[in-house]
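Reviewing the structure listed below.
Lettering follows sequence order; numbering is per chain, from 1.
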Amino acid sequence: MSSSTNLKPISWRGKGKAADSADVHFNDLNPTITYRQLHSRNLGVKDPLRVIALCDSDAFYAACEQIRLGIDPSRPLVVQQWDSLIAVNYPARKFGITRMEKIKEAKKKCPELVVVHVATYKEGEKEPGYWENPDTLTHKVSLDHYRRESMKVIRMFQEGLPSGEIEKASIDEAFIDFTRPVREEILRRYPDLAQVPPDAPQGPDSPLPPPPPIMWNDLGTVIPVSDLSPESSVTNTGEPNGHGLPDDDNESVDNFDDSITWHDVALAIAAELMGKIRRDIHSKLGYSTSAGIARNKFLAKLTASYKKPNSQSILRNAAIPSYLKPMPFQKIRFLGGKLGKAIAEEYEASTVGDLLNITLEEMQRKFGEESIWVYEILRGIDRSEVKEKSGVNKSMMAAKNLPNPITKPSQGPHWIRVLAAELALRLREAREETPALWPKTLVLHVRLGYDASRSKQAAFPFTRDASVDVIASAGDKLWKELVGADSSRTPPLKITHVALGFTGIEVMEAGQRTIAAFLKPPSTSNQAEGVDVSVKRKRDSRDDVEVTERVVVRRKSGSDSPTVSPDYTASFICDKCSKRISLPEDLMDDGLDDVIKEEALEALRVEHTDFHYAQELSRQLSSSAPPRKFRPSSGEQVATTKKKAPQHDGIARFFAAK
DNA sequence: ATTCCGCAT
DNA sequence: GCATGCGGAAT
């Protein structure tokens, strides 16, 4: 009722401004493709040959455990977290087992069910493990294994598609932009199309010749053009199907061969490529996947759920209207929540078809300007791009609900230590992949009693060896600031949730990365020893310039006396800033090859020069964007910002000897 | 910077 | 539910 009035419209995801819906392009399901369009490279979301796929793993957590334990994939298996289930594989679904069910019930439905409890951190342990009887009072869930497996899958996408953009959308799914690889393949298969025929009536703007016929048979399930039954898209039969790929079958392979378009050819090629990668993933890693292939992200996502598990579905443009019409719109991404509910109530609607006669103006009046996004989605239009996200998250959080709430401030450090152990491990592993990964801040969240929650953040020291101790003590400090140390307080302390996390995690770019490549990775076996090079960033009040101090911290772990004055042999003096620029000292010990040192020094020199150049640019330029290599990876600009120096002004900063 | 919210898997 | 992750917005 009135609750729908003050609804915050969902965020506008498309880049551009709101479309004039007279933008015929997106409405045209059968555009004529010209040579110019085929040869063009940068049509973006308006590319008439755009092809996007969404590929996700079937019951991913369950599959992870099944593979880890070498269990026959046809056996019913669930993943348990405390008393409930967080994943149910397809064989188990056949017994009617669902998530959000108690293990008791599940076992009753299927006595031979394999139940695996998710790994947990035990207090004091540095690594998670699969313990006998994990207790929510003393243990903390670890999803590390799933993250690691997820990365393996993502890597296979990336390797299988050097020219395609990959957006990791969640732990078990990724969007893939096939537009470019498909175009390359079209030109490879039909080389004649590379040239505009001399007799083409309108030169490059002439339409392509008629497309070749398509053999869909092994490419996946083609969503039929005329099937109006909602059942087909909703039901999940959960066929027994642990084994081979592909299992796709087309009920109606061909009652549309005369209507084949070049976009269908593009879809078919994408399906071929997608199938190859999926088979590869299955044979190399063991995971079965499902994919949807269509002209944009939203349709790809919807299409992926057409048939699961272990299959792929293809949505031809011609089938879009009939596929969408009976679709319950609350299944659509971003319409699963409040907005979807409000719309359903407002118009007493449940399917996309029910909403098709609501005009744009009407919707905007009720739900705000931005509901054009909804209006378009209902018509199969989605202008959002596949944004390259290789899997390095911008934040990393470890959280714990406390069924047994903390009542005394002194209990904080215990859980903080557990969370810190997880963060340390995760950061270390992330850096095995991407050495040049640097978290900027550490945040501590706590929830008090019912609803109130507070958080506190602080800069995290720049250190390559972010050990449990470093993280935990930084966390403890935040805890003190947040909770205080006094155990006597007005409303008695009652903390039901603690979370510790890194934010602002960034990958160093080009020049910087070359340096990072030379950094010795922290010893994985014994990370308690070693030298931390941390840097304090301080503001110099006088001239508003950032100064840095180099701080060498020696960690405990028995043995050795602190080494304090490193011997800087490999260094140079920059004639621009007349600073001595040195290689990190830990590169200098353990008899590193001189040649390598030289290369590292050279990389450092290049990087340092780049740094000055970037500064130069940021001073001079105001209009044009800086070259990519000088931009922080997260996308904030360097050149256009008012700040005196780019955020990563440097590794130089960290390595410059005073 | 902090505190929310809402969305999603 | 739980454990995450993301982005936006109000303060």
With [X], which residues qualify under ring pair (Phe, Tyr, Trp, His ring centres under 6.0 Å), at least two apart?
X: A/F178; result: none
X: A/H445; result: none
X: A/Y146; result: A/Y61
X: A/F60; result: A/Y287

Starting from [atom2] on [N], measure out to [atom1] on [X] and report it in whole angstrom.
X: A/K387; N: C/dC6; atom1: NZ; atom2: P; value: 10 Å
X: A/L54; N: B/dT9; atom1: CG; atom2: C1'; value: 12 Å
X: A/Y121; N: C/dA3; atom1: OH; atom2: P; value: 14 Å
X: A/W373; N: C/dG8; atom1: CH2; atom2: P; value: 14 Å
X: A/I86; N: C/dA3; atom1: CD1; atom2: C1'; value: 8 Å
X: A/Y61; N: C/dG5; atom1: OH; atom2: C1'; value: 10 Å
X: A/M397; N: B/dT9; atom1: CE; atom2: C1'; value: 15 Å
X: A/R148; N: C/dT4; atom1: CZ; atom2: P; value: 14 Å

Quick one: is [N] close enough that its OP1 or OP2 comes under 4.0 Å of any side-chain N or O from [X]?
X: A/K140; N: C/dT4; result: yes
X: A/K400; N: C/dC2; result: no
X: A/R147; N: C/dT4; result: yes
X: A/S455; N: B/dA1; result: no
X: A/K456; N: B/dT2; result: yes

Considering only [options], which nucleotide approaches the side chain of [X] most closely?
X: A/F334; options: B/dC7, C/dG1, C/dA3; value: B/dC7
X: A/N401; options: C/dG5, C/dA3, C/dC6; value: C/dA3
X: A/R99; options: C/dT4, B/dT2, C/dG1; value: C/dG1
X: A/Q457; options: B/dA1, C/dA3, B/dG6; value: B/dA1
X: A/N393; options: C/dT4, C/dC6, B/dC7; value: C/dC6
X: A/R426; options: B/dC7, B/dC4, C/dG5; value: C/dG5
X: A/K338; options: C/dC2, B/dC7, B/dT9; value: B/dC7
X: A/R454; options: C/dA3, B/dT3, C/dG5; value: B/dT3
X: A/S84; options: C/dA3, C/dG5, C/dG1; value: C/dG1
X: A/E422; options: B/dT9, C/dT4, C/dC2; value: C/dT4

Determine whether the aromatic ring centres of residues A/W373 and A/F334 are separated by less than 6.0 angstrom. yes
What about A/H117 and A/W131, are their ring centers closer than 6.0 Å? no
Just grab all the salt bridge (Lys or Arg N to Asp or Glu O under 4.0 Å) pairs involving residues 291-306 of chain A, residues at least two apart or on different chains. A/E167-A/K297, A/E173-A/K301
If we ignore hydrogens and angles and just use 3.5 Å, is the side chain of A/R278 paired with the main-chain N or O of A/S288 as donor and acceptor? no
A/R99 side-chain N/O to A/A87 backbone N/O, donor-acceptor pair under 3.5 Å: no
Using a heavy-atom cut-off of 4.0 Å across all strands, would you classify A/K301 as base, sugar-phosphate, or nothing? sugar-phosphate
Need one value for A/G501: base, sugar-phosphate or nothing, where a base atom within 4.0 Å counts as base even if backbone is also close, heavy atoms only. nothing
Which residues in residues 164-172 of chain A have at least one heavy atom lying under 4.0 Å from any atom of DNA chain B? A/S170, A/D172
